[in-house]
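Written out below as C-alpha cells is the structure these notes cover.
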Amino acid sequence: MSVLFALLLIVAGALAAASLIIKNQPNARDLIAKLVPFQGIIGIILMIWALVILLFNFLPNFSLLFQFVPIRALLALVALLVAIALGFLLGYGLIAQYALNKNAGAASSGEAARMKLAPIQGPLGIVGIVLGLWMLFSFMSSGI
C-alpha cells in the first residue's frame, strides 16, 4: 500500500464521518463541503484500489505476511476491508447510476448492502481515518 492510498483512506473516512466530525469541529465544515462533490469518485477509486491490492498483493502473500508481520498484516487487512466498505458507501450513487440500473436484481442487492452498511458509516469513517493515519505513520517510520 502507498502513501497516496493512506491519504485517500483518510479523506474517505472524513467524508463518511462528516456529521460526527462537524459536530465536534464546526470549523471543518468548509473543508468537508469542498470534498462532498467528489465523494462518489473518491469512493469508487478507493474501492477499486483496495480490491486490486487485496486480490493481487495481499491474498497471494497471505501466509507469508501473517508468518512474519502478523500485527501489520492484520491491520492492513482491516484497512483494506474498511476501504472497500467506505468506497462502496461513498460511491454507491455512481455505482447505482452507471452499473446497477440495468439489472433490477443487482440494484436491489446493492441497495440492501448499502442499507446494512449505512448505520455504521460514521464509525467506519473514524476507523478509516485512524487506519489511514497508522499507515502514514508506518510509512514515515520505515524511512520512505
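Judged as a side-chain contact (heavy atoms from CB on, under 4.5 Å), and not counting sequence neighbours, the contacts of Ala14 are Ile21, Ile129. Partners of Leu31 under the side-chain contact (heavy atoms from CB on, under 4.5 Å) rule, at least two apart in sequence or in another chain, do not exist in this structure.
The CD1 atom of Ile126 sits 13.0 Å away from atom CD1 of Ile120, with the distance rounded to the nearest 0.5 Å. Between Leu9 atom CG and Leu46 atom CG the span is 6.0 Å, to the nearest 0.5 Å. Distance check: Phe56 CZ to Leu51 CG gives 9.5 Å after rounding to the nearest 0.5 Å. The line from CG of Leu89 to CD1 of Ile84 is 12.5 Å long, rounded to the nearest 0.5 Å.
Residues Val11 and Leu133 fall within the same hydrophobic cluster, defined by Ile, Leu, Val, Met, Phe, Trp and Tyr side chains chained together at heavy-atom separations under 4.5 Å. Hydrophobic clustering (side-chain heavy atoms under 4.5 Å, transitive across Ile, Leu, Val, Met, Phe, Trp, Tyr) groups Ile53 together with Leu4. Leu81 is connected to Ile71 through a chain of hydrophobic side-chain contacts under 4.5 Å among Ile, Leu, Val, Met, Phe, Trp and Tyr, so both are in one cluster. There is no path of hydrophobic side-chain contacts, each under 4.5 Å, that joins Phe139 to Phe137.
Applying the side chain to side chain donor-acceptor pair (under 3.5 Å) rule to pairs touching residues 117-133 yields nothing, sequence neighbours excluded. Note on residues 34-55: pairs passing ring pair (Phe, Tyr, Trp, His ring centres under 6.0 Å), not counting sequence neighbours, are Phe5-Trp49. Residue pairs that meet the side chain to side chain donor-acceptor pair (under 3.5 Å) test with at least one member in residues 71-81, sequence neighbours left out, are Arg72-Ser138.
Closest approach of Leu124 to Ala85, counting heavy atoms only: CD2-CB, 3.5 Å. Contact detail for Ala83 and Ala50: the closest heavy-atom pair is CB-CB, 3.7 Å. In terms of heavy atoms, Ile42 sits closest to Ala12 at CG2-CB, 4.3 Å. Across all non-hydrogen atoms, the minimal contact from Gly125 to Ala16 is CA-CB, 3.9 Å. For Gly128 against Leu86, the heavy-atom pair with the smallest separation is CA-CD1, 4.2 Å. For the residue pair Met135 and Ala79, the shortest heavy atom distance occurs at SD-CB, 4.0 Å.
Side-chain atoms of Leu77 and Leu54, non-hydrogen and from C-beta on, do get closer than 4.5 Å to each other. You'll find the side chain of Val78 reaches within 4.5 Å of the side chain of Leu131, heavy atoms only.
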Could you pull out every donor-acceptor pair under 3.5 Å between side chains of residues 58-70 and any protein atom, sequence neighbours left out?
from, atom 1, to, atom 2, distance (Å)
Asn61, ND2, Asn57, O, 2.8

